[in-house]
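As structure tokens, the structure follows; a few thoughts come after it.
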Amino acid sequence: MAAALSPEKLAKISARREKEIQKWEKQKARPKRNTYFAYIVLVTTLIYATDEIASQIGTLMKTEIANDLMANFGASSVSMLDLLTVIMVPFQALALIYRPLADRFGRKVFLVINTFGMSLAMLLIFLSNNIALYFVGAVMIQFFIPHDMHVVFIMESSPAKRRAITYSVIKFFANMGVMLIPLLRRTLMHDVSQWRNVFLIPAVVGLAISLIALLCARETDAFIDARLTYLRKTDEEREAEKAQKKAENSQGGIIQGLKFAFQHKQLKWLYITSIFANIGVLGSVNYQVIMNYGYGDHALKAGLFSDIAQAVEAVSINEVTAAIMLFPIGSALAQVIMGFICDSVGRKKAAIVTSLNCLIGFLGFYIGSYCGFNPYVVGFLCGVFVGSYYSTNDIIIMMVGESAPTNLRSSVMSAQFIVTAIGYGLGYGLGLPLNTIFGNTSVGLVSLCMLVPGYLVTLVMLFKKTNETKGLDLGKVTGAEWD
């Protein structure tokens, strides 16, 4: 391919390559102060916290957003907001083009862009006075938060001996950062119509952090070394590398991954399990709504209010704000338990435990909301439910990866997302029409009727149809071990 280029074009490419080599060499040669690692830990912790807040803030403010911006839809405002979320999905497909650019242009630039983007999105939502501007902000958040460039930055910036502990500590404090949302609800949202105020502080802080990272953070040494190695290769070496990658990729692909998985028992049942584990997806995105209408229903039956709308507004400021104070702690503990059990007693047992925790947490916070239990207990159980819900899916993904042969592992894991989407499709396809017909008060019951049976089936399949993958030699796995 290179031989077909003119001498002038080749000279320009060579000059551009040499210029980039000099740029990266100059950056790598810059001395680091002894305090630089502490600075990076602090900045990435704040960025990680911004990402967690951006991920959760829309869900933790969902009732207020739905009843304000979707007021024209009356009792079905939450289901209309869920439908808006479904419409956002195609915009997330752009990530397939965007995310790989970090391997070409570096980690730092995308660390800054992602932080700035999600912070700007929260600022847009703060300024939104109509559904269109809110939609733009929500789409931006959904585009930037899945990239997790801060995680890559942490891993590549930490010393090898401290990498795991550094990541664990940063993730813990980032999860605790979500407590800022209920604190801001309590101080800035004296009335439900003031929900936008909660978005302002995280937006401003995130914008400031992105500027600090831009001015003070450095590109990771790991990226610089990898980029320099690539740039110093000859054209012949690059062509040989491309040919090798093409040959490796020809072994796999989404279709090949799907076919292979359904030809082998372990992978087939893990795929099917992931469908049932996600049928109750509406519960995982509407837990704040369930708490609002649960406490509202309890207050209404106690004769404290004349209609559900008044009750929901009142409990939103009081009981629900108190409940979500403990939400991050429950979620963080659920995820810590998952990691410990996975590495100590195995993936299958961990998935069973997190599935049970998911069921117990959901039933606990659901019943607690409708019976008016202590908000802090309800919020903690809600966090256990949500943390366990995502942990269960993470473990199933891990088991799929460990049950597939090396040459098809990436394809099989990528294909799993298509299968998981079936669960999401069933969840939204069945749940949204019911919530639209019966209104916001039905969200809790609909979620209950879908999530509980789904997770009971998930538990049966984990017990009966799947096998342990802890300790397997991934280089020797064929996928047929359990056939």
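Numbers here simply count residues along the sequence, with the first being 1. These numbers come from the heavy atoms of this one structure, side chains and all, not from hydrogens, waters or symmetry mates.
- Here the closest non-hydrogen pair linking Ser316 and Met189 is OG-CE, 4.0 Å.
- Here the side chain of Arg185 pairs a donor or acceptor atom with the backbone of Leu60 at under 3.5 angstrom.
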*asked:* Assess the residue pair Arg347 and Thr466 against the criterion (side chain to side chain donor-acceptor pair (under 3.5 Å)); give the C-alpha distance rounded to whole Å, side-chain angles, the decisive distance to 0.1 Å, and a yes or no.
replied: CA-CA 10 Å; Arg347 323 311 193 200; Thr466 66; over 6 Å; no
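- Residues Ile397 and Met413 approach most closely at CG2-CE, 3.7 Å, considering heavy atoms.
- The aromatic rings of Tyr36 and Tyr39 sit tilted, their planes meeting at an angle between 30° and 60°.
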_Using side chain to side chain contact (heavy atoms under 4.5 Å, CB included), reason through Ile324 and Met291 one step at a time and then give a plain yes or no._
CA-CA 9 Å; Ile324 60 178; Met291 284 193 284; 3.6 Å; yes
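- Residues Glu64 and Gln288 have side chains in contact (heavy-atom distance under 4.5 Å, counting atoms from C-beta outward).
- For the pair Arg186 and Leu183, the minimum side-chain heavy-atom distance is 4.5 Å or more.
- Annotation: Phe362 is in aromatic contact with Phe385 [ring centroid separation under 6.0 Å].
- Among all heavy-atom pairs drawn from Ala415 and Gly257, the shortest one is CB-C, 4.2 Å.
- Contact of the Phe199 side chain with the Leu127 side chain is not registered, since no non-hydrogen atoms from C-beta on lie closer than 4.5 Å.
- At most 12 non-hydrogen atoms from other residues, nucleotides or ligands lie less than 6.0 angstrom from NZ of Lys349.
- Residue Phe135 qualifies as enclosed at atom CZ: its count of foreign heavy atoms under 6.0 Å is above 12.
- Within the model, atoms CZ of Arg218 and OG of Ser157 stand 10.0 Å from one another, a figure rounded to the nearest 0.5 Å.
- Not a single donor-acceptor pair under 3.5 Å links the side chain of Thr35 to the backbone N or O of Ala38.
- Here the side chains of Tyr428 and Val285 are in contact, with some heavy-atom distance below 4.5 Å.
- Between the side chain of Thr458 and the backbone N or O of Ala277 there is at least one donor-acceptor pair closer than 3.5 Å.
- In this structure, a donor-acceptor pair under 3.5 Å is absent between the side chains of Thr115 and Ser210.
- Atom CZ of Phe126 is surrounded by more than 12 heavy atoms from other residues, nucleotides or ligands within 6.0 Å.
- Arg107 has no carboxylate O lying under 4.0 Å from a charged side-chain N of Glu219, or vice versa, which leaves the two without a salt bridge.
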*Evaluate the side chain to side chain donor-acceptor pair (under 3.5 Å) criterion for residues Ser411 and Gln256: first the C-alpha distance (whole Å), next the side-chain angles of each, then the deciding distance (0.1 Å), finally the verdict.*
CA-CA 7 Å; Ser411 299; Gln256 288 83 353; over 6 Å; no
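- Looking at heavy atoms from C-beta onward, Phe276 lies out of side-chain contact with Tyr455 at the 4.5 angstrom threshold.
- Distance check, rounded to the nearest 0.5 Å: CG of Asn197 to OG1 of Thr187 gives 9.0 Å.
- In this structure, Arg196 CZ and Leu124 CG are separated by 12.5 Å, a value rounded to the nearest 0.5 Å.
- Remark: side-chain polar atoms of Lys108 are paired, donor with acceptor, to backbone N or O of Leu214 under 3.5 angstrom.
- Between Met399 atom CE and Glu468 atom CD the span is 6.0 Å, to the nearest 0.5 Å.
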*Decide side chain to side chain contact (heavy atoms under 4.5 Å, CB included) for Val139 and Gln142; before the verdict, give the C-alpha distance in whole Å, the side-chain angles of both, and the deciding distance to 0.1 Å.*
CA-CA 5 Å; Val139 166; Gln142 293 303 316; 5.8 Å; no
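- Side chain of Lys28 to backbone of Asp221: no donor-acceptor contact under 3.5 angstrom is found.
- Taking a 6.0 Å sphere around CZ of Phe37, one finds it holds more than 12 heavy atoms contributed by other residues, nucleotides or ligands.
- Looking at Val419 and Leu258, their side chains come closer than 4.5 Å, going by heavy atoms from C-beta outward.
- The CD1 atom of Ile47 sits 9.5 Å away from the CG atom of Asn114 when rounded to the nearest 0.5 Å.
- Taking each heavy atom of Gly361 and Val384 in turn, the nearest pair found is CA-CG1, 4.5 Å.
- Aromatic rings from Tyr287 and Phe327 are positioned such that their centres are separated by under 6.0 Å.
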*side chain to side chain donor-acceptor pair (under 3.5 Å) between Thr392 and Thr354: does it pass, once the steps are laid out?*
CA-CA 6 Å; Thr392 301; Thr354 55; 2.9 Å; yes
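- Exactly one of Asn286, Asn67, Thr85 qualifies for a side chain to side chain donor-acceptor pair (under 3.5 Å) with Lys62. That residue is Asn286.
- Using a distance-only test at 3.5 Å, with no hydrogens or angles considered, no donor-acceptor pair links the side chain of Asn357 to the main chain of Ser388.
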_Between Asn435 and Asp82, is the side chain to side chain donor-acceptor pair (under 3.5 Å) condition met? List the steps._
CA-CA 10 Å; Asn435 288 337; Asp82 283 333; 4.8 Å; no
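- At least one side-chain heavy atom of Pro202 sits under 4.5 Å from a side-chain heavy atom of Met122.
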*Decide yes or no on side chain to side chain contact (heavy atoms under 4.5 Å, CB included) for Thr50 and Ser119, but give the supporting numbers first.*
CA-CA 8 Å; Thr50 301; Ser119 302; 3.8 Å; yes
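- By the 4.0 Å N-to-carboxylate-O rule, Lys171 lies too far from Glu52 to be salt-bridged with it.
- In this model, a donor atom of one side chain and an acceptor atom of the other lie less than 3.5 Å apart for Asn292 and Thr63.
- The shortest non-hydrogen separation linking Ala49 to Ala174 is N-CB, 3.7 Å.
- Once rounded to the nearest 0.5 Å, the distance linking OH of Tyr230 with CH2 of Trp24 reads 14.5 Å.
- Proximity of a side-chain donor or acceptor of Ser128 to a complementary backbone N or O of Ile125 within less than 3.5 Å is detected.
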*asked:* Arg232 vs Glu25, test: salt bridge (charged side-chain N to carboxylate O under 4.0 Å, His left out). Steps then yes/no.
replied: CA-CA 12 Å; Arg232 287 169 176 155; Glu25 286 180 336; 2.2 Å; yes
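- Put simply, the side chain of Val112 does not reach to within 4.5 Å of the side chain of Leu211, judged on heavy atoms.
- Taking the charged nitrogens against the carboxylate oxygens, Glu20 and Arg227 do have a contact shorter than 4.0 Å, which makes a salt bridge.
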*Take Ile21 and Glu18 through the test side chain to side chain contact (heavy atoms under 4.5 Å, CB included) and record every step on the way to the result.*
CA-CA 5 Å; Ile21 289 173; Glu18 188 59 36; 4.1 Å; yes
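- A donor atom on one side chain and an acceptor atom on the other are found under 3.5 Å apart for Asn278 and Tyr389.
- The minimum heavy-atom distance between Leu123 and Ala203, with the atom names listed, is N-CB, 3.5 Å.
- Residue Lys259 places its NZ atom among 12 or fewer non-hydrogen atoms of other residues, nucleotides or ligands, all under 6.0 Å distant.
- Less than 6.0 angstrom separates the ring centroid of Phe262 from the ring centroid of Tyr271.
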